[in-house]
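Okay, so here's the structure we're looking at.
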Amino acid sequence: MAFAKAQPAVIAQNGRAPGPRGVSFVWRLIRAPNGWLDFLSECQRQYGNVVSFRFLGVPACLINDPAGIERVLVTDHQNFTKSMDYRALSRVLGQGLLTSEGEFWKRQRRLVQPAFFRDRILSYGGLMTSYTARLMETWQDGEVRDVHRDMMRVTLKIAARSLFNVEIDGEAGTIGKALTVVMDEMPKLAGFAFLPDWVPVPGLGAFRRALADLDKIVYGIIRARRATGEHPGDLLDMLLDARDESGAGMSDLQLRDEVMTLLLAGHETTANTLAWTLYLLAQNPEQQSRLATEVRTVLDGRPAEASGLQRLPYTQMALMEAQRLYPPAWAIGRKALRDFEVSGYRICAGTNIVISQWVLHRDPLLYPNPERFEPERWREETAGRRSLPKFAYLPFGAGPRVCVGASLALTESALVLATLMQRFRFLLASDEPVQAFPSVTLRPKHGLRLRVERLR
Ligand code: HEM
């Protein structure tokens with residue numbers, strides 16, 4: 001099947017991409033129940049795959065065409081830097097791998113990359129399944145639980161232990177609370193990112209306090225390692241041993257930024273993937289029972305192993321499908337350094353480019369019945385999967401800035417999900433749909449409550 005290109009419903013004038021104009025646009029954004037998610041989807045439906053608009057005076061352009069996305073993220077990536085939203089993010093992550101640029105970023109990426117090589121990831125498998133098993137020991141048959149909170153706790157413990165060799169227990173609650181404050185306030189901060197840092201923004205007090213809590217824990221991890229003088233050969237070791245050309249090691253601030261980035265980026269997104277997957281399985285009992293049957297038949301009561309995941313294809317397809325419908329990174333932002341052209345439209349230097357996985361992954365021209373949860377659509381041999389354009393599915397981004405933790409995240413999600421499905425069934429606790437909140441990541445707005453039933 002060949003995919004038709006979405007035609008702009010409104011033809012642009014002077015090569016400028018069509019899009020909403022004037023104050024009515026801000027109105028539409030404010031009124032949309034799911035904010036940016038609804039607004040961007042509506043823009044694409046109404047104006048096509050390249051949509052220009054201004055947000056608080058800043059020129060922006062949504063690109064939803066896979067070929068245009070490839071140009072921005074891969075072929076012409078030198079023509080773009082990270083967009084202004086990352087400035088808000090750097091209030092939390094400083095100059096860590098996600099937010100830094102240029103030569104500094106390149107050096108840090110080279111340094112961090114070996115921690116994510118296949119052998120390392122395989123070696124983390126045992127602790128992923130044992131932390132999940134320990135979490136389920138506290139669950140009561142038939143109770144209603146906030147599974148988003150549960151997944152946040154377990155993925156945080158896994159990230160802290162696998163990357164930095166630390167046990168996080170009491171701190172997990174503090175980190176969870178602080179992160180919720182940070183995530184709640186972040187969209188506001190991103191909206192005011194064009195203002196200098198000294199301008200007061202409402203909610204900043206709570207944000208600063210939450211950040212201080214996170215800092216205390218991260219500096220604690222660094223100090224504790226320095227004090228022991230041990231060298232377990234983990235990621236923290238690599239960061240502590242790194243030297244620049246002059247032979248200088250990283251300052252405490254640089255270390256803090258990298259540890260904070262990897263700890264937060266490394267658990268929040270994976271927790272969201274797992275929570276949304278459980279929600280979709282609870283909504284689709286037939287698919288859930290297929291997954292449970294696969295896990296039961298293949299594992300036969302044994303713990304899942306990282307090296308044996310290819311024997312759990314349905315589990316992996318369910319995760320891929322959940323990341324299509326609820327991409328934890330729901331948008332990627334870039335800023336154009338020079339003018340460029342996409343799909344016949346001229347985009348000026350200085351424009352903020354928005355690539356939204358939420359919009360892309362629900363495009364009916366790419367995915368038939370886009371709202372339906374159909375893990376089978378990811379079977380290798382299906383025609384739909386084979387003819388899908390390369391840049392039509394982007395949970396982890398693409399190009400040089402592609403997620404460094406993608407393989408770790410995929411292994412971890414599959415192991416945690418398989419372990420959960422060995423012991424429990426997940427049921428909807430209410431008919432109310434769970435609302436998605438587009439902060440830095442796509443989180444459930446008020447948690448995600450499901451009934452858990454022990455399998456006999
Ligand atoms: C399901 C889980 C995950 C998703 C959906 C996800 C998504 C993404 C995306 C879309 C990007 C690219 C952002 C951009 O281009 O601007 C990214 C970058 C990044 N991710 Fe992930 N991520 C996940 C898990 C992880 C894990 C487990 C880690 C580390 C332990 C991690 C660390 C990072 C870092 C450090 C970057 C910046 C890479 C760079 O610019 O060099 N992520 N992630």
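One-based numbering, in listed order, for ligands and for the atoms of each.
- Only the side chain of L163 comes within contact range of ligand 1, with a heavy atom under 4.0 Å; no backbone atom does.
- Set against the non-hydrogen atoms of K82, the atoms of ligand 1 under 4.0 Å away are 14 (C), 16 (O).
- The distance criterion of under 3.5 Å between nitrogen or oxygen atoms is met by R334 with respect to ligand 1.
- Between Q323 and ligand 1, no N or O atom pair is found at a separation short of 3.5 Å.
- Residue R109 approaches ligand 1 through these ligand atoms, each under 4.0 Å from one of its heavy atoms: 38 (C), 39 (C), 41 (O).
- For E258 against L239, the heavy-atom pair with the smallest separation is CB-CD1, 4.0 Å.
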Side chains of residues 115-122: which donor-acceptor partners sit under 3.5 Å, not counting sequence neighbours?
from	atom 1	to	atom 2	distance (Å)
R120	NH1	G233	O	2.8
R120	NH2	G233	O	2.8

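- Sequence neighbours left out, the pairs with a member in residues 397-425 that pass ring-ring contact (aromatic ring centres under 6.0 Å, His included) are W139-F424.
- We find that R45 and E42 are not joined by a salt bridge, their nearest charged nitrogen and carboxylate oxygen being 4.0 Å or further apart.
- Note on ligand 1: Q108 sits outside its first shell, no heavy atom being nearer than 4.0 Å.
- In this structure, R107 is not positioned above the aromatic face of W105 in the sense of NZ or CZ being under 6.0 Å from the six-membered ring centre and within 45° of the axis.
- Under 4.0 angstrom from ligand 1, there are no non-hydrogen atoms of H267.
- In E412, neither the side chain nor the backbone holds a heavy atom less than 4.0 Å from any atom of ligand 1.
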One pair to check against side chain to side chain donor-acceptor pair (under 3.5 Å): Q283 and Y279. What are the steps and the verdict?
CA-CA 6 Å; Q283 281 181 319; Y279 176 53; 3.2 Å; yes
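- For atom 21 (Fe) of ligand 1, protein N/O/S neighbours under 2.8 Å (waters excluded) are C403 SG.
- Aromatic rings from Y393 and W378 are positioned such that their centres are separated by under 6.0 Å.
- The aromatic ring centres of F53 and F39 sit less than 6.0 Å apart.
- Annotation: W105 places an N or O atom under 3.5 Å from an N or O atom of ligand 1; distance criterion only.
- Ionic pairing of R362 and E371 is present here: one or more N-O contacts between side-chain nitrogen and carboxylate oxygen are shorter than 4.0 angstrom.
- For ligand 1, the atoms lying closer than 4.0 Å to a non-hydrogen atom of F116 are 29 (C), 30 (C).
- With a heavy-atom cut-off of 4.0 Å, L97 touches ligand 1 through backbone and side chain alike.
- Atom 16 (O) of ligand 1 has its closest protein heavy atom at Y86 OH, 2.5 Å.
- In summary, the atoms of ligand 1 found under 4.0 Å from a heavy atom of T273, numbered by their order in the structure, are 1 (C).
- With salt bridges taken as basic N to acidic carboxylate O contacts below 4.0 Å, one links E321 and R324.
- Taking 4.0 Å as the cut-off, P395 counts as a neighbour of ligand 1 on heavy-atom distance.
- Every residue two or more places apart in sequence or in another chain that forms a ring-ring contact (aromatic ring centres under 6.0 Å, His included) with F80 is listed here: F340.
- Judged purely by distance below 3.5 Å, without hydrogens or angles, the side chains of E268 and N272 pair a donor atom with an acceptor atom.
- Contacts of R401 with ligand 1, taken as heavy-atom pairs under 4.0 Å, involve both backbone and side chain.
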What do the steps show when you test D339 against I347 for side-chain contact (heavy atoms from CB on, under 4.5 Å), and what is the final call?
CA-CA 6 Å; D339 292 3; I347 316 286; over 6 Å; no
